[in-house]
Engineer: 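Pasting in a structure now, in structure tokens, and then I'll have a few things to ask.
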Amino acid sequence: MHAPVERDPRTRLKIGLALGGGAARGWSHIGVMRVLAEAGIAPDVIAGSSIGAVVGGCYAAGKLDELETFALSLTKRRVMGLLDFHIAGSGLIAGGRLQRLLEQDLTDQRVESLPVKFCTIATELSSGHEIWLTRGPLVQAMRASYALPGIFNPVMIGGRWLMDGALVNPIPITAARALGAEIVICVNLNGEVRVRGTVIQSYDAETAIEQEIDEAIEAPRRWGIFPAARAEKPRRPNAPGFASVMVDAFNITQDRIARSRLAGDPPDVMIAPKLAKMGLFEFHRAEECIALGRQATERALPDIMEILQEAQAV
């Protein structure tokens with residue numbers, strides 16, 4: 001058990017949290033916030049992308065308990081009931097039901113009035129600009145930050161169509177620092193789910209396909225699953241479905257951008273829950289996800305406490 005850090009408010013350094021995007025994996029942010037609170041660590045600044053904006057905004061507004069209760073109540077059936085599918089818009093889900101749910105507790109909350117300095121990250125649809133939402137209705141700022149292209153409709157704010165902030169800044173460390181944080185703790189929801197892409201410099205599609213088919217035939221023979229006479233050439237794989245394409249594209253985009261931005265502006269401490277087995281849209285697994293967030297933060301806590309103690313001593 002770590003003792004809370006005693007800090008003089010007149011001299012202490014400001015602590016910032018950068019909460020990353022990752023859809024359902026974002027429930028782990030709740031576990032992170034719980035462990036930090038138990039250790040006496042209260043952030044002065046929170047910057048969130050996508051689901052990080054939702055959890056961070058609820059924390060800043062004093063509604064983390066309500067969010068956790070909601071998350072733990074989700075089942076597969078209830079998740080489907082919250083998704084208002086439509087075919088007329090620019091996304092599969094209109095998002096009205098989720099907005100009304102958020103407004104039950106946050107309807108009068110404004111970003112600039114929160115007791116914790118807070119911002120959400122969004123991406124402008126036409127230009128690709130990174131937009132920091134530091135003023136205005138909290139629910140609207142959250143919606144813009146989690147408007148995943150193709151899934152949710154983009155959100156119009158101040159004459160700009162905005163969509164998911166994770167497209168340009170999956171882990172908004174830069175925003176947390178710009179808002180005044182001197183020590184930044186980030187939560188990377190994709191730290192264990194890296195795509196690890198490389199460059200294939202010479203690729204012959206026809207040769208590659210034939211080679212893959214031959215290997216698929218030879219492998220069962222080597223393993224002794226069935227004799228050579230019974231082996232048949234497998235059918236060529238079908239094209240991936242819509243959901244598979246969306247998930248893989250999201251993972252690839254977040255991984256490449258996150259690695260680049262972390263290299264350019266690393267945090268003081270990174271918390272990376274082990275979420276490789278957690279699907280992007282498995283929102284019904286909140287209990288497991290929150291527990292993984294707690295475990296990751298407990299592992300990182302000695303480093304966090306050491307940095308804070310050193311900063312206090314300066």
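Side chains included, hydrogens not; waters and symmetry mates left out as well; all remaining heavy atoms used.
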Engineer: Please give me the minimum heavy-atom distance between D44 and V116, naming the atom from each residue.
Structural biologist: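 The pair with the smallest heavy-atom distance is O-CG1, 3.5 Å.
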Engineer: Would you check if N190 and R25 make a side-chain contact, meaning some heavy-atom pair closer than 4.5 Å?
Structural biologist: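 Yes - at least one pair of side-chain heavy atoms lies under 4.5 Å apart.
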Engineer: Quick check: do I171 and R261 have side-chain heavy atoms less than 4.5 Å from each other?
Structural biologist: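 With C-beta onward as the side chain, the pair stays apart.
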Engineer: According to a 4.5 Å side-chain heavy-atom criterion applied to Ile, Leu, Val, Met, Phe, Trp and Tyr, with indirect links allowed, do W132 and M163 form part of one hydrophobic cluster?
Structural biologist: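 The answer is no; the residues belong to distinct hydrophobic clusters.
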Engineer: Contact between Q109 and L114 at the side-chain level, heavy atoms closer than 4.5 Å - yes or no?
Structural biologist: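 Yes; the side chains approach each other to less than 4.5 Å.
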Engineer: Would you name the heavy atoms of N169 and E130 that are closest together and state the gap between them?
Structural biologist: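 The answer is ND2-OE2, 2.9 Å.
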Engineer: Begin from the C-alpha positions of E68 and R294 and carry the test salt bridge (charged side-chain N to carboxylate O under 4.0 Å, His left out) through to its verdict.
Structural biologist: CA-CA 13 Å; E68 183 173 9; R294 290 190 66 95; over 6 Å; no
Engineer: Which atom names give the shortest non-hydrogen contact between L133 and V111, and what distance separates them?
Structural biologist: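 Result for this residue pair: O-CG1, 4.0 Å.
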Engineer: Can you find a pair of side-chain heavy atoms, one from D265 and one from V184, that are under 4.5 Å apart?
Structural biologist: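 Sidechains of V184 and D265: no contact.
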Engineer: For C186, which of P266, P172, P267 qualifies under side-chain contact (heavy atoms from CB on, under 4.5 Å)?
Structural biologist: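 For C186, the side-chain contact (heavy atoms from CB on, under 4.5 Å) check succeeds only for P267.
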Engineer: Compare all side-chain heavy atoms of L275 with those of W27 and state whether any distance is below 4.5 angstrom.
Structural biologist: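 Contact flag for L275/W27 side chains = no.
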Engineer: What closest approach, in Å, do S50 and S145 show between heavy atoms, and which atom pair accounts for it?
Structural biologist: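 In terms of heavy atoms, the two residues are closest at N-OG, 2.8 Å.
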Engineer: Taking the side chain as C-beta and beyond, is there a heavy-atom pair between Y59 and L19 under 4.5 Å?
Structural biologist: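 No, every pair of side-chain atoms sits at 4.5 Å or beyond.
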Engineer: Which atoms form the tightest heavy-atom contact between I271 and A296, and what is the distance?
Structural biologist: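 Residues I271 and A296, closest heavy atoms: CG2-CB, 3.8 Å.
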Engineer: With a 4.5 Å limit on heavy-atom distance, are the side chains of E124 and L162 in contact?
Structural biologist: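 Yes; the side chains approach each other to less than 4.5 Å.
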Engineer: Is it the case that more than 12 heavy atoms not belonging to E287 sit under 6.0 Å from its CD atom?
Structural biologist: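 Count not over threshold, so no.
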Engineer: Does any non-hydrogen side-chain atom of S28 lie less than 4.5 Å from one of V55?
Structural biologist: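 The answer is no, as the side chains (C-beta and beyond) never meet within the 4.5 Å cut-off.
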